[in-house]
Amino acid sequence: MAFRFICALLLALCSPTAFGDDQTPEAEKLLFMTADVWPWGYVEDNGTPAGLLSVLAERLAQEADLQLDNRVLPHQRLLSKFKHGEADYTVLFENPYLDEFADSLGVVLSSDILLVTDKDYSGKLTLAALQGKRVGYISGTYYGEAFEQNDSLTKIPVYNLDQAIEMLQLDRLDALISSDIVFHHSLKARELQPDVFRYAVHTRGHAAHLYISRQATNRQLAPRIQAALAQLDKSGELRRLFHSEVRSSTH
């Protein structure tokens with residue numbers, strides 16, 4: 001009896017799962033990267049990826065019957081690693097720079113880009129009218145060529161929109177630029193109503209895509225993942241995930 005117990009114990013310890021090793025073949029993994037920009041992506045205190053795009057990654061993996069490997073990284077590091085094929089898939093707002101090394105598998109969401117000021121601001125809410133003003137933006141985020149190429153603004157990079165909102169309230173910024181989705185979630189987190197600020201749409205329909213790196217190791221999974229995205233779109237799940245309450249609260 002003792003001999004059989006010892007043999008069983010040794011077999012358990014020598015098994016591939018004894019130390020929690022992941023034995024899923026790389027060819028059956030959704031190798032995903034998420035930008036560390038709240039609420040798109042962040043890491044919980046226990047190290048678990050969270051945020052809107054992390055939820056999307058989980059749902060894509062479930063629909064495609066794949067295991068998920070999701071890494072949350074600062075935006076610039078993500079771009080560098082994605083360019084060199086250190087992950088296969090990510091979601092980013094469309095950007096001419098991405099065309100050099102990535103292909104779109106489909107549109108994930110469409111967001112309006114807002115210009116936001118204090119409610120007492122009386123000037124026009126356009127980039128031209130904000131010439132010389134301090135405009136906060138989330139570092140690494142692409143807001144379109146009009147903003148990218150505008151040198152007349154004093155552009156102030158911030159880590160997240162919560163920081164920009166606080167700076168705006170403290171008069172350390174004159175305005176900020178943001179997608180309506182991030183603006184909505186940031187207001188909700190701070191328990192603020194939209195009428196605390198004045199805002200206007202700078203660009204309508206700024207699209208974010210599911211991208212595959214041209215250096216992807218698991219490129220053969222692309223049709224399954226693309227089909228999973230199409231199913232989430234058809235069922236309305238994409239809209240519920242990204243646009244719930246946004247339109248009514250900011251428009």
Side-chain angles (χ1 to χ4, degrees), residues 28-44 48-73 75 78-79 82 87-95 98-99 102-114 138 140-144 160-161 177-189 194 201-213 216 218-219 221-251:
E28 289 297 312
K29 284 185 180 180
L30 171 54
L31 302 177
F32 200 85
M33 280 186 184
T34 303
D36 186 8
V37 177
W38 192 92
W40 303 121
Y42 58 96
V43 178
E44 299 277 19
T48 303
L52 296 174
L53 292 181
S54 293
V55 172
L56 173 64
E58 291 173 2
R59 291 294 297 119
L60 287 172
Q62 290 168 1
E63 287 289 332
D65 194 23
L66 296 168
Q67 182 167 328
L68 175 64
D69 180 348
N70 180 22
R71 285 178 286 166
V72 180
L73 296 172
H75 199 282
L78 182 152
L79 287 175
F82 190 65
D88 294 342
Y89 302 92
T90 191
V91 173
L92 294 167
F93 280 104
E94 57 188 23
N95 180 339
L98 292 170
D99 296 338
D103 297 308
S104 171
L105 295 181
V107 174
V108 172
L109 64 100
S110 181
S111 179
D112 291 345
I113 304 299
L114 308 176
I138 297 175
T141 300
Y142 182 76
Y143 296 100
N160 56 41
L161 199 69
I177 189 168
S178 169
S179 73
D180 58 352
I181 296 173
V182 174
F183 183 58
H184 161 75
H185 283 279
S186 298
L187 291 183
K188 191 172 181 179
V201 176
H202 165 61
T203 305
R204 290 196 183 277
H206 192 51
H209 296 249
L210 173 62
Y211 285 101
I212 179 172
S213 170
N218 285 355
R219 197 169 188 88
L221 298 179
R224 286 167 65 179
I225 296 168
Q226 193 169 32
L229 178 66
Q231 178 57 36
L232 295 180
D233 185 28
K234 182 179 179 180
S235 69
E237 190 169 342
L238 285 183
R239 173 159 290 276
R240 290 193 297 272
L241 175 60
F242 295 109
H243 291 289
S244 177
E245 302 177 4
V246 172
R247 298 300 178 190
S248 61
S249 66
T250 58
H251 290 74

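Values reported hereafter were calculated over all heavy atoms of this structure, with side chains retained and with hydrogens, waters and symmetry mates removed. From a predicted model like this one, the values you see are computed outputs, not experimental measurements.
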For Leu241 and Leu109, what are the C-alpha separation, side-chain angles and deciding distance, and is it a side chain to side chain contact (heavy atoms under 4.5 Å, CB included)?
CA-CA 10 Å; Leu241 175 60; Leu109 64 100; over 6 Å; no
For Leu31 and Leu221, what are the C-alpha separation, side-chain angles and deciding distance, and is it a side chain to side chain contact (heavy atoms under 4.5 Å, CB included)?
CA-CA 10 Å; Leu31 302 177; Leu221 298 179; over 6 Å; no
CA sep, side-chain torsions, deciding dist, call: Leu98, Leu79, side chain to side chain contact (heavy atoms under 4.5 Å, CB included):
CA-CA 8 Å; Leu98 292 170; Leu79 287 175; 3.8 Å; yes
Which is it for Val201 and Leu114 under the side chain to side chain contact (heavy atoms under 4.5 Å, CB included) test, yes or no, and what are the steps along the way?
CA-CA 5 Å; Val201 176; Leu114 308 176; 3.9 Å; yes
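Put simply, the side chain of Leu66 reaches to within 4.5 Å of the side chain of Ile225, judged on heavy atoms. Side-chain contact between Tyr42 and Asn160 is absent, with no heavy-atom pair separated by less than 4.5 Å. Looking at heavy atoms from C-beta onward, His185 lies out of side-chain contact with Leu161 at the 4.5 angstrom threshold. Looking at heavy atoms from C-beta onward, Val91 lies out of side-chain contact with Tyr211 at the 4.5 angstrom threshold. Counting heavy atoms from C-beta on, the side chains of Leu56 and Leu232 come closer than 4.5 Å. For the pair Leu92 and Leu78, the minimum side-chain heavy-atom distance is below 4.5 Å. Between Thr48 and Val43 the shortest side-chain heavy-atom distance does not fall below 4.5 Å. Looking at Leu68 and Leu60, their side chains never come closer than 4.5 Å, going by heavy atoms from C-beta outward.
Between Pro49 and Val72 the shortest heavy-atom distance is CB-CG2, 3.8 Å. The two residues Met33 and Ala87 make their nearest non-hydrogen contact at CG-CB, 3.3 Å. Contact record, Phe82 with Ser213: O-OG, 3.0 Å, taken as the closest heavy-atom pair. Taking all atoms of both residues into account, the shortest heavy-atom contact from Val107 to His209 is CG2-CE1, 3.5 Å. Taking both residues in full, the closest heavy atoms of Trp40 and Ile181 are given as CH2-CG2, 3.7 Å, listed atom of the first, atom of the second, then distance. Here the closest heavy-atom approach between residue Leu238 and residue Val108 is recorded as CD1-O, 3.7 Å.
A donor-acceptor pair is defined here as one N or O able to donate and one able to accept, closer than 3.5 Å; no such pair exists between the side chain of Asn70 and the backbone of Glu58. Asp112 places a side-chain N or O within donor-acceptor distance of the main-chain N or O of Gly205, the cut-off being under 3.5 Å. Although no hydrogens or angles enter the test, the distance criterion places no donor-acceptor pair under 3.5 Å between the side chain of Ser54 and the main chain of Gly41. Under a 3.5 Å cut-off, the side chain of Arg219 and the backbone N or O of Ile212 do not form any donor-acceptor pair. A side-chain donor-acceptor contact under 3.5 Å links Tyr143 to the backbone of Ile138. When atom types are taken as modelled, the side chain of Arg240 and the backbone of Ser235 share a donor-acceptor pair closer than 3.5 angstrom.
Note that OG of Ser104 and CD of Gln226 are 8.0 Å apart. Values are rounded to the nearest 0.5 Å. How far CG of Leu210 is from CG of Leu53: 10.0 Å, rounded to the nearest 0.5 Å. The distance from the CZ atom of Phe242 to the CG atom of Asp180 is 12.5 Å, given to the nearest 0.5 Å. The structure places CZ of Arg224 at 5.0 Å from CD of Glu28, a figure rounded to the nearest 0.5 Å. Atom CG of residue Asp233 and atom CZ of residue Arg239 lie 9.0 Å apart, to the nearest 0.5 angstrom. Separating the CG atom in Leu30 from the CD atom in Glu63 is a distance of 12.5 Å, to the nearest 0.5 Å.
Using a 30° and 60° split on the angle between ring planes, Phe93 and His206 fall in the parallel class, below 30°.
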